Structures are given as structure tokens and as C-alpha cells.
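Read the structure below first, then the notes.
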Amino acid sequence: MIYISVGSNLGNRIDNLRLAVDLLTKRCLHKTRVSIVLETEAILPATAPDSWNKPFLNMIIAGETNLSPDEMLTSIKAIEHEIGRPQIYERWAPRIIDLDILSFDDLTINTPNLVIPHPEISNRQFLQHLLSLIPLAVGDLGSLTIGIRPRSRMKDTLLGLTTRSTAQISNCESYMNAVSFTKSFVLHPALVGVVNVTTDSFSDGGQFNQADKAIAQIYKLVGDGASVIEIGAQSTRPGAVIQTPEHEYNKLKTVLDCVSDVATVISIDSFWPSVVRKLLQEHKISWINDVKGDFDDQTLEMIAESGCKFCFMHSLSIPPHPDTILPLDQRPIELLKEWGEIRIERLMKLGFAAEDIIFDPGIGFGKSPHQNMEILRCTDELKVLGVPIMIGHSRKSYIRSFSAEEAHNRDIETIAISLALKDKVDFLRVHNVHDHMRSFVAHEIFYSGKS
């Protein structure tokens, strides 16, 4: 078993980790296990400039490999460079990605280029903590146990647990209980944080209508672990009045002008092709969400040429009307697959690659409460479309079929359903990123500990 630490304290940190793990899995490792992600303070010398004091996200990936240690080192250096780390850099400076081999089977290596086990393991409490939490498959387990669950023999060695003495178990418990991090995250699924710059959105209307409040919310969502921030200036609640292109453009531009330095993916949802075309020329936007589903070919071709990802959502009317729903005599998921196939084929003809097309089945738009729940239960069937899937189920009115809570107070119900969806989708579009991450981390820790 090979253990590799993955860290980032520059740019879109959580996406940097996600990309590194994906590349390591494709090129270097198989039978992989990943830890949760911990945010820790930067470790710096006293002479370091203040600009280097940026918190790190840290995690560990473990797996098996067919590479030699030297080949592994070459591969991870290539991955670092591909993600954006320069080949020549100042030690301790902030970095987009930092990959280190912590251990390699039972080998001990000490050369100018590679030292295994990594000499800093005993000095990095967060590494010990992550090692203690990383899940292992049954086939990876050795004969040793430390109070909670069996561990691999190599991992016990890394943690200094070569015997099962009471003193060593107590030492292990001490670092497991120590507070050596400020936040915790998971990599999957990616969370899309919603910022409605509107007066009348169904659950947060008016909260972020002012630009300063919207901007503060964007930075909060990024800090909470959102991989994408979606900014919208149109309410889609039943009965909402659709705003003019001029109004939508001005609302979006005011916010976008102030978040050019935010280290995350920015998405806009828009009703108007003219607004999209103008904003693409003025701002760095990575996603376009076509809520109404009526963009013309020229606009779609421009979006594809810009390199943006494109999200399209199923709806029967915008704003939705409770009497306009899918036929009740057919499975809604089958209708969505048929509808999605047609739209995806069109988008690919207009220049989009499959990985840049995101399908949102449109929970709450043109479906009865029963149909919404059936779609949520069967979401994994949408994978046959061959594109990433995003679910936007947060706080929506289908929850009223089993909860009496008002829209602004439906995060508990939303998170419960998110936990059921987390391994079935690529993106979850939610209002409350902070509590989603808390729940996902606890879920991951609990289930990773089951043998």
C-alpha cells in the first residue's frame, strides 16, 4: 500500500485536490482509498512574508501501484506541474498543489531525491490524524488493532504503533482527539452554492439582493467548501415576474465586478441569451445555467467556443405552474432520459464535449411531489446519458409533502436527501453548503470505519 499526501493553499483549493486525486487514480494508483480533507494553518519559517500565510487543505490517498518508487516520484511531479505548480519554486511558498509520498509498501529509501517513509510524518500532526482516519478495504488489513478497528501493518508503523501497548494506544488516541485543523470537507460530490440576487426567490428572497450581501455570501460559500458558485438574478418561484434583460444584466454585473478574484468556479443562471453573450465578453465565467431551456444555436455555439460548461434543466414552464406536470401514466425518469438525449445530441452538434454538458432534471419544475421524489430515488438511472448530473433539490416545495417547515427552514430535510444522493450525482446545488459539508464528513467518517 502506498500513501500519498495531497495539499493545496492557492487557487481553488478543493478543486485542486479533486483534480490531483483523479489524476493519481488514473495514472498511478488502483484500489484507492481517500481520507477526508482538513484545513490547517500554513507551516512557515519566521522569515516568511505575510502573503504566504494561507491555510492549507490536506488529505491522503492510499492505494496499490505497478510503478517503482522512482517512477511514482516522476509521475507525481508531472501531475503537480500539469495542475499548475512551477518546476522551480521557493520552499514554503503557497502552492497550487503539493504531493508527497509518505510511504511505499514496507520500503525504506534514503536518496538525494526520495526519502521513504517521509521524514516529516512525526512532525505533522494533521498527517497522523488523517492516517488514523483513512478507510481501508478488508483485504488491506493486517493483524494489528488499536482499540477501534483493524489497521494495515504499514499504517501502524507510520503511526508509531508497532505493538499494542497501552501507552501507544493512548498516544494514538491523543492525536486523534487533538484539534489540529479548522475545517473539514469531502471531495465528492461537488457542491454548487446558490446566491440569489433577487427580492423574491422562494427561500431566501431579499437576503442577498444587495450587492454587498451577495458578495459576502459568495466568499462564505467558498470558505464552506463550495466548488461552484451560481449567481442568479431571476426568481423561479411560482408566480414570479420575469425581469427584463437589462435588469438581469445589471444585477449580475454588479456582483461579478466585485468577485473577479474569488478562487472558485463562477456560474450564472440566466433567462436571456443577450445577457449571457455580453457577460461572457466581460467576465471570467466558467458555467452557464440555461434555466428556461430556450437558448438559440448562435448563443450556444458562443458558449461552447468560450470553453464554458453548460448546464441545462428540464422544465415545462418558467415559472413553474402546479397544473403543468409530466404525464402521470409514465415513469418520469424515462421521460427525462428521452428528453435529455435529444438536448445532449443538439449540444454536442453545436460544439460541446460530453464532459462540459451538465444535466439538471429540474426538481420542482413540471413535476408533482410524487414525481419529484421518484426522480430523486432513481437519479442514478440518469448516468446512461453520459454527462455529469446535477441535482437542485434544496428547500423546494416537494418537501411540503412530508414536512410542515417553511422553505427557509428545510435544510435538515434537504441534507437527509443529499446524503442519499451523494454517490449518485456529480453536483448538488444547495443553499447551505456549510451544514452539507458537516454532514458529509460525519457520514464519511462513520461508514469508512465499518469493516
Side-chain angles (χ1 to χ4, degrees), residues 189 191-218 220-221 224-226 228-243 251 255 269 271 289 291 313-326 332 360-377 379 390-422 425 427-440 442-443:
L191 295 181
V192 179
V194 181
V195 181
N196 290 312
V197 192
T198 61
T199 59
D200 59 346
S201 290
F202 74 97
S203 78
D204 58 2
Q207 289 187 32
F208 312 114
N209 185 43
Q210 301 301 315
D212 58 339
K213 293 181 179 179
I215 292 161
Q217 178 67 359
I218 288 169
K220 179 183 185 302
L221 291 172
D224 290 341
V228 181
I229 299 297
E230 184 169 287
I231 309 167
Q234 297 272 8
S235 173
T236 56
R237 67 171 179 80
V241 176
I242 295 179
Q243 303 296 329
K251 295 290 284 187
V255 175
D269 73 44
F271 281 17
N289 191 342
V291 181
M313 186 186 79
H314 176 271
S315 63
L316 296 181
S317 64
I318 296 290
H321 192 281
D323 295 332
T324 306
I325 63 173
L326 292 171
D360 179 349
I363 299 299
F365 291 87
K367 294 95 178 170
S368 70
H370 174 78
Q371 288 173 327
N372 285 315
M373 288 304 302
E374 184 174 350
I375 292 166
L376 291 171
R377 293 189 187 103
T379 293
M390 179 170 76
I391 296 292
H393 63 303
S394 181
R395 300 180 179 174
K396 289 186 175 177
S397 60
Y398 72 94
I399 295 174
R400 283 206 309 251
S401 65
F402 57 85
S403 172
E405 296 296 329
E406 296 297 323
H408 69 275
N409 200 35
R410 295 176 186 156
D411 286 337
I412 291 176
E413 293 86 349
T414 298
I415 291 170
I417 293 171
S418 295
L419 287 167
L421 292 172
K422 64 184 287 292
V425 300
F427 302 97
L428 288 174
R429 182 181 181 274
V430 301
H431 299 84
N432 188 336
V433 171
H434 178 267
D435 287 354
H436 268 81
M437 275 298 181
R438 288 177 58 193
S439 300
F440 285 169
H443 184 273

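We use all heavy atoms of the structure for the numbers below, so side chains are in, but hydrogens, waters and symmetry mates are not. Worth saying up front: this structure is predicted, and the values here are computed from it rather than measured.
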>> Go through it in stages, so that I can follow the logic: the residues are Asp224 and Met437, the test is side chain to side chain contact (heavy atoms under 4.5 Å, CB included), and I'd like the CA-CA distance, side-chain angles, deciding distance and then a yes or no.
In response: CA-CA 7 Å; Asp224 290 341; Met437 275 298 181; 5.9 Å; no

Could you tell me which non-hydrogen atom of [X] sits nearest to which non-hydrogen atom of [Y], and how far apart they are?
| X | Y | value |
| --- | --- | --- |
| Val194 | Leu221 | O-CD1, 3.8 Å |
| Ser418 | Leu428 | CB-CD1, 3.8 Å |
| Ser317 | Phe365 | O-CD2, 4.3 Å |
| Arg395 | His431 | CZ-CB, 3.5 Å |
| Ser235 | Phe271 | O-CZ, 4.4 Å |
| Ser439 | Ile415 | OG-CG2, 3.3 Å |

Taking atom [atom1] of [X] and atom [atom2] of [Y], what is their separation to the nearest 0.5 Å?
| X | Y | atom1 | atom2 | value |
| --- | --- | --- | --- | --- |
| Ser397 | Arg410 | OG | CZ | 6.5 Å |
| Ile229 | Ile218 | CD1 | CD1 | 6.5 Å |
| Glu230 | Arg429 | CD | CZ | 4.5 Å |
| Asp269 | Gln234 | CG | CD | 8.5 Å |

>> Given Ile391, which partner from the list Val430, Val192, Leu421, Ile417 fulfils the side-chain contact (heavy atoms from CB on, under 4.5 Å) test?
In response: Leu421

Tell me if the [atom1] atom of [X] is crowded by more than 12 foreign heavy atoms within 6.0 Å.
| X | atom1 | value |
| --- | --- | --- |
| Lys213 | NZ | no |
| Glu406 | CD | no |
| Ile242 | CD1 | yes |

> Is a side-chain N or O of Gln371 found less than 3.5 angstrom from the main chain of Leu326, in a donor-acceptor match?
Replying inline: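 Present.
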
> Just by distance, do the side chain of Lys367 and the backbone of Pro332 share a donor-acceptor pair under 3.5 Å?
Replying inline: no

> Can Gln243 and Lys251 be said to form a side chain to side chain contact (heavy atoms under 4.5 Å, CB included), step by step?
Replying inline: CA-CA 10 Å; Gln243 303 296 329; Lys251 295 290 284 187; over 6 Å; no

>> Show, in sequence, the C-alpha distance, side-chain angles and deciding distance for His436 and Thr414, and conclude whether the side chain to side chain contact (heavy atoms under 4.5 Å, CB included) test is met.
In response: CA-CA 9 Å; His436 268 81; Thr414 298; 3.8 Å; yes

Contact between [X] and [Y] at the side-chain level, heavy atoms closer than 4.5 Å - yes or no?
| X | Y | value |
| --- | --- | --- |
| Phe208 | Val255 | no |
| Lys396 | Asn372 | no |
| Pro189 | Phe440 | yes |
| Gln217 | Gln207 | no |
| His393 | Leu376 | yes |

> Can Ile375 and His314 be said to form a side chain to side chain contact (heavy atoms under 4.5 Å, CB included), step by step?
Replying inline: CA-CA 12 Å; Ile375 292 166; His314 176 271; over 6 Å; no

> Going by atom types alone, do Lys220 and His434 pair a side-chain donor with an acceptor below 3.5 Å?
Replying inline: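 Checked: Lys220/His434 side chains show no N/O donor-acceptor pair below 3.5 Å.
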
